[in-house]
Undergrad: 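The structure's right below; bear with me while I get my questions together.
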Amino acid sequence: MAKIVSKKQLSENVYQMELEAKLISEERKAGQFIILQLDENYGERIPLTIADANKETGTITIIFQVVGLTTEELSQMNVGDNVPVLVGPLGTPTHIKKYGTVVCVGGGIGVAPLHPIAEALKAAGNKVITIVGARNKELVIMEDEMKKIADELIICTDDGSYGRKALVTEPLKEICERDQKPDMVIAIGPPIMMKFCAETTRPYEVYTEVSLNTIMVDGTGMCGGCRVNVGGQVKFVCVDGPEFDGHLVDFDNMMARLHSYDEIEHEKHACYIDTLADKKIKEIEEAQK
Amino acid sequence: MSYIEPEILSENAVKVLHDYIHKIDELKPKDRLKIPLQEMPTQEPHERACNIEEVAIGYTVEEARVEALRCLECPTQPCVDGCPVRIDIPSFIHEIAHGEFQNAVDKIKEASLLPSICGRVCPQEQQCQLTCTVGKAMKNVDKAVAIGRLERFVADWEREQGKVKVPEVKPPTGKKVAVIGSGPAGLVVAADVRREGHEVTIFEAFHKLGGVMRYGIPEFRLPNEVVDQEIDSLLKMGVKIQKNFVVGRTRQLTDLIEKDGYDAVFIGTGAGLPIFMGIEGENLVGVFSANEYLTRANLMGAFDKEHADTPIYPSKVVAVLGGGNVAMDASRVALRLGAEKVYVIYRRTEVEMPARKEEVLHAKEEGVEFHFLENAKRILGDEKGRVKAMECLRYELGEPDSSGRRRPVAIEGSEFTIDVDTVIVAIGNGSNPLIHQTTPELETNKWGNVIVDEKQKSSMDKIFAGGDIVLGAATVILAMGEGRKAAAGINEMLAKESAN
Ligand SMILES: Cc1cc2nc3c(=O)[nH]c(=O)nc-3n(C[C@H](O)[C@H](O)[C@H](O)COP(=O)(O)OP(=O)(O)OC[C@H]3O[C@@H](n4cnc5c(N)ncnc54)[C@H](O)[C@@H]3O)c2cc1C
Ligand SMILES: Cc1cc2nc3c(=O)[nH]c(=O)nc-3n(C[C@H](O)[C@H](O)[C@H](O)COP(=O)(O)OP(=O)(O)OC[C@H]3O[C@@H](n4cnc5c(N)ncnc54)[C@H](O)[C@@H]3O)c2cc1C
Ligand code: SF4
Ligand code: SF4
Ligand code: FES
């Protein structure tokens, strides 16, 4: 059981929470994630990256976007509430070393998992160029945190409401064309963004790491639900990853697998939203009485 | 064999018992061989295919006593040699025949800690019942004394009477033992080590205990209530539990000893690594490992579609690849989750199938279709990357391989296609590599199984291992047997340390 000790809304659909998790806070390394469940018997297990951790307070920070049932329910929880199931840190930590110049590309909520990695890369002596992308100004998160560590920070939005009006792949291409091309790129965001980042760097032969967000159940290598095709081999994201060489990942298959349950999930989520609405209406009616 | 209603089985047993009850101590082997085998009463096949209640209902008192009367009490006890933990079978059956059920349970518990589980899931026809004299006399192993059913009967009887005794725990020794994994191996180690007065903590990756008995074997074959009972006993003995704790991640194996001060560690992490076939199309949407499919259904509650958040794939026509217990469970779960057709595709024949016979029979009764001497060649998808069909090959049996089973050989050019929307791969499990990956000093063989000595001690000081992580995917009773050996090894080591 993990108590929520702080909660903050970062943008319309993105929340940050700090959870009590002493052991995880001590052991976690950049690139690792947790799995949580909101009900012991019927809850779904969802993976979320450990965005930050504090050994002194024994807490970890998660940043999540509301996309479906479980993230919706989590966003409704408050400080003092308990998350009944929290397990981690899971996954293989990012391989942090001195590469030289690294470009960290974060799309949307992907900036959250990117942050601890960028921070560790910086601490290892790398020059860190950061590209942060979002659909619009409202959805840009963690700008200040990124500013603190980045030697160069580029922000782009799809609609141009903030920073450059561009997709992240545009500045990424320019950086690859500089005299001193980067030694490594790490891209985290929606699968489609990671796919195109990998395509952008491929001609320049810049090693590009991506962090895959497949569907997971156990997170320990037992179920194979998180499997992806990497360089023609089957890999399990929860134990072999979540990071892989983006030039070898079969993104199309991964994206198809990610949508395995779309119809069911949407139905469930819609049901839940309906119940929430009913509850709110009842509350208002009660108040009016 | 066709389905017989439980009421009729029960009435018959009452009649037979009535005929014999006054002369049970005078029966000659000849008389005993005439007593009819007592079939296991079950739920009606069509009914049970739509629910998750236990299929096998269990013997009545009369059925158990009649079945017990079939035992010849052979002085050479060949059945005992067939049981991996050497339960004193003739003695406990003798007690059942005389209606002394408590004595019978006590006898069993001298050797086995989980009779209500093993009685249900042991592959008896390959173990104790294989060597039974009655089966030999009748030239049919299916006619052997139903040892497993009797074992289950008395264990259930004890539970239903509320008579399960919590084992006594000796005074505290000040020693701490960590048990990793809460499958049968881990549970047994916890009980046996705790009895000696050592402090025991079980570390389990999941939020529920029991290992494969919880997330793999479905409710209709092994009710959760039965597993809960065993865990409840451990809690009453003062065993501590740390759930949601992945050793190798939440804490390193060696840290348990070096930082947390455990005096011994038992690794019972099981064989949780699904093997895939390596064929084209295996990553399509709609292809699952049996582990994933069963975990979603059993552990995450997908059976209960109304309450469960974890979704389960909406399947109409399902192909299950494999011929073991896992394949039987997956196929029967798929039926219960609403599939219209379920095929089991196995590349040998029914004779070679490793699954328990009873499960195969039950699956057939429920409507699972078996395709023998066939195997998947590739899985075909639609434009959205979802399974739409499977191409198969026909096989024939060739020369026996190293295991003595005749090797299946593909018939060239025999390809044919069947329409399916879901494929469940149930061809086996490798050993879970997590602990080995994070503790390279731990010696393993080429399949990743931990290497142990005759006392189950690994290559590392104070670290023992047992169950599927040592044996490869095996059985509950073998895991339990290894657990007992490991516990004895740990207890012996700790006693020596205290003496010094
Ligand atoms: C290693 C890892 C780290 C992650 N870190 C974060 C993080 O730090 N912050 C964050 O917001 N999200 C993160 N995710 C994604 C997060 O797990 C999903 O958003 C979450 O599982 C959705 O659950 P839900 O019940 O709310 O939605 P569901 O109802 O399950 O799904 C709603 C929709 O989201 C899509 N979806 C389902 N599962 C995932 C998934 N795993 N990834 C992406 N889309 C999915 C489905 O296509 C579906 O249409 C991470 C995923 C992985 C594998
Ligand atoms: C579907 C299915 C049906 C089966 N049917 C039968 C049958 O009918 N009869 C029979 O005899 N056998 C059957 N078996 C086999 C039997 O279940 C296993 O042989 C037995 O459970 C092995 O026991 P174990 O204690 O070694 O491991 P498991 O039961 O596998 O338990 C291992 C436990 O360790 C936990 N774990 C793993 N890694 C870690 C870690 N790093 N940290 C913490 N915890 C960890 C796991 O979550 C799990 O709970 C079946 C198996 C399956 C999958
Ligand atoms: S434990 Fe298994 S093998 Fe041994 S007697 Fe019982 S059913 Fe037979
Ligand atoms: S071999 Fe069969 S008949 Fe003989 S003692 Fe064992 S169970 Fe009884
Ligand atoms: S989530 Fe089950 S194997 Fe990765």
Side-chain angles (χ1 to χ4, degrees), chain A residues 1-2 21 23-24 26-28 32 34-46 68-70 73 84-92 215 217-229 234 236 239 250 252-265 267-268 272, chain B residues 204-208 212 215-216 242-246 248-252 255 269-276 278 282-296 299-302 304-314 381 384-386 425 429-430 432-434 437-438:
Chain A
M1 214 149 62
L23 282 173
I24 303 177
E26 285 167 14
E27 294 282 330
R28 76 95 202 193
Q32 288 188 299
I34 51 98
I35 283 185
L36 61 75
Q37 214 180 317
L38 299 182
D39 181 284
E40 278 241 344
N41 293 316
Y42 292 116
E44 182 180 22
R45 291 168 70 91
I46 67 159
L69 184 66
T70 308
E73 281 179 325
V85 173
L86 180 74
V87 58
L90 300 171
T92 306
I215 291 173
V217 183
D218 59 304
T220 64
M222 185 275 285
C223 78
C226 62
R227 67 191 188 279
V228 286
N229 208 323
V234 173
F236 288 3
V239 285
D250 179 346
D252 294 338
N253 177 248
M254 182 205 150
M255 287 188 270
R257 290 184 61 78
L258 201 49
H259 296 295
S260 301
Y261 299 101
D262 275 9
E263 290 102 15
I264 312 178
E265 301 276 22
E267 227 170 82
K268 282 213 155 86
Y272 180 74
Chain B
E204 168 57 49
F206 269 128
H207 54 291
K208 291 198 175 167
V212 168
Y215 69 72
Q242 285 257 8
K243 292 185 277 187
N244 306 310
F245 195 113
V246 184
R249 293 274 195 237
T250 312
R251 210 87 171 120
Q252 294 300 320
D255 285 348
T269 49
L273 176 76
I275 296 173
F276 287 93
E282 216 165 13
N283 285 351
L284 288 168
V285 177
V287 184
F288 302 91
S289 77
N291 289 2
E292 179 181 357
Y293 197 77
L294 291 170
T295 303
R296 283 176 183 270
L299 182 73
M300 308 310 296
D304 191 343
K305 285 182 197 166
E306 247 180 58
H307 295 105
D309 291 347
T310 301
I312 193 111
Y313 202 64
K384 282 160 100 185
R386 290 171 182 250
V425 185
N429 275 301
N432 191 307
L434 191 58
Q437 268 173 14
T438 49

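Residue numbers begin at 1 in each chain, while the letters A, B, ... track the order of the sequences.
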Undergrad: For B:Asn244, give me all partners under side chain to side chain donor-acceptor pair (under 3.5 Å), at least two apart in sequence or on another chain.
TA: none
Undergrad: Are side-chain N/O atoms of A:Asp218 and A:Thr220 paired as donor and acceptor at under 3.5 Å?
TA: yes
Undergrad: With a 4.5 angstrom heavy-atom cut-off, could you sort out which part of A:Glu40 is near chain B: side chain, backbone, both or neither?
TA: both
Undergrad: Run the numbers on B:Leu273 and B:Ile275 for side chain to side chain contact (heavy atoms under 4.5 Å, CB included), then give the verdict.
TA: CA-CA 6 Å; B:Leu273 176 76; B:Ile275 296 173; 5.9 Å; no
Undergrad: With only heavy atoms counted, which part of A:Val85 is less than 4.5 Å from chain B, the side chain, the backbone, both or neither?
TA: both
Undergrad: Please identify each residue that fulfils side-chain contact (heavy atoms from CB on, under 4.5 Å) with B:Leu299, with sequence neighbours left out.
TA: B:Phe206, B:His207, B:Lys208, B:Arg214, B:Tyr215, B:Thr295
Undergrad: Just so I understand: if I count every heavy-atom pair under 4.5 Å between each of B:Gly430, B:Gly270, B:Pro274 and chain A, which residue has the most?
TA: B:Pro274
Undergrad: What part of B:Val287 lies closer than 4.5 angstrom to a heavy atom of chain A: side chain, backbone, both or neither?
TA: both
Undergrad: Counting heavy-atom pairs under 4.5 Å with chain A, which one of B:Asn432, B:Asp255, B:Thr250, B:Leu294 comes out on top?
TA: B:Thr250
Undergrad: Walk me through whether A:Ile46 and A:Ile35 qualify under side chain to side chain contact (heavy atoms under 4.5 Å, CB included).
TA: CA-CA 5 Å; A:Ile46 67 159; A:Ile35 283 185; over 6 Å; no
Undergrad: B:Arg296, B:Glu282, B:Gln437: which one forms the most heavy-atom pairs within less than 4.5 Å of chain A?
TA: B:Arg296
Undergrad: Return yes if some donor-acceptor pair links the side-chain N/O of A:Gln32 with the main-chain N/O of A:Gly91 below 3.5 Å, else return no.
TA: yes
Undergrad: Checking heavy atoms, do the side chain of A:Val234, its backbone, both or neither come under 4.5 Å from chain B?
TA: side chain
Undergrad: Chain A heavy atoms under 4.5 Å from B:Asn283: which part of the residue, side chain, backbone, both or neither?
TA: both
Undergrad: Would a distance-only check, ignoring hydrogens and angles, find a side-chain to backbone donor-acceptor pair under 3.5 Å from A:Arg227 to A:Phe236?
TA: no
Undergrad: Which region of A:Asn253, side chain (C-beta onward) or backbone (N, CA, C, O), has a non-hydrogen atom less than 4.5 Å from a non-hydrogen atom of chain B, or is it both or neither?
TA: side chain
Undergrad: Under a 4.5 Å heavy-atom cutoff, which of B:Arg249, B:Glu292, B:Met300, B:Lys384 has the most pairs with chain A?
TA: B:Arg249
Undergrad: Under 4.5 Å from any heavy atom of chain B, what part of A:Leu258 do you find: side chain, backbone, both or neither?
TA: neither
Undergrad: Side chains of A:Glu44 and B:Thr310 only: does a donor on one sit below 3.5 Å from an acceptor on the other?
TA: no
Undergrad: Is the shortest heavy-atom distance from the side chain of B:Arg251 to the side chain of A:Glu27 under 4.5 Å?
TA: yes
Undergrad: Which bit of B:Leu284 is near chain A, if near means a heavy-atom gap under 4.5 Å: side chain, backbone, both or neither?
TA: backbone
Undergrad: Can you tell which part of B:Leu434 gets under 4.5 Å to a heavy atom of chain A, answering side chain, backbone, both or neither?
TA: side chain
Undergrad: Which one of A:Asp252, A:Asp250, A:Val217 has the most heavy-atom pairs closer than 4.5 Å to chain B?
TA: A:Val217
Undergrad: Determine the interplanar angle of the B:Tyr313 and A:Tyr261 rings, folded into 0 to 90°, and report it as parallel if under 30°, tilted if 30 to 60°, perpendicular if over 60°.
TA: perpendicular
Undergrad: Check each atom of A:Arg28 against the heavy atoms of chain B and say whether the ones under 4.5 Å are side chain, backbone, both or neither.
TA: neither
Undergrad: For the candidates A:Pro84, A:Gly88, A:Ala21, A:Gly219, which exhibits the highest count of non-hydrogen atom pairs separated by less than 4.5 Å from chain B?
TA: A:Gly88
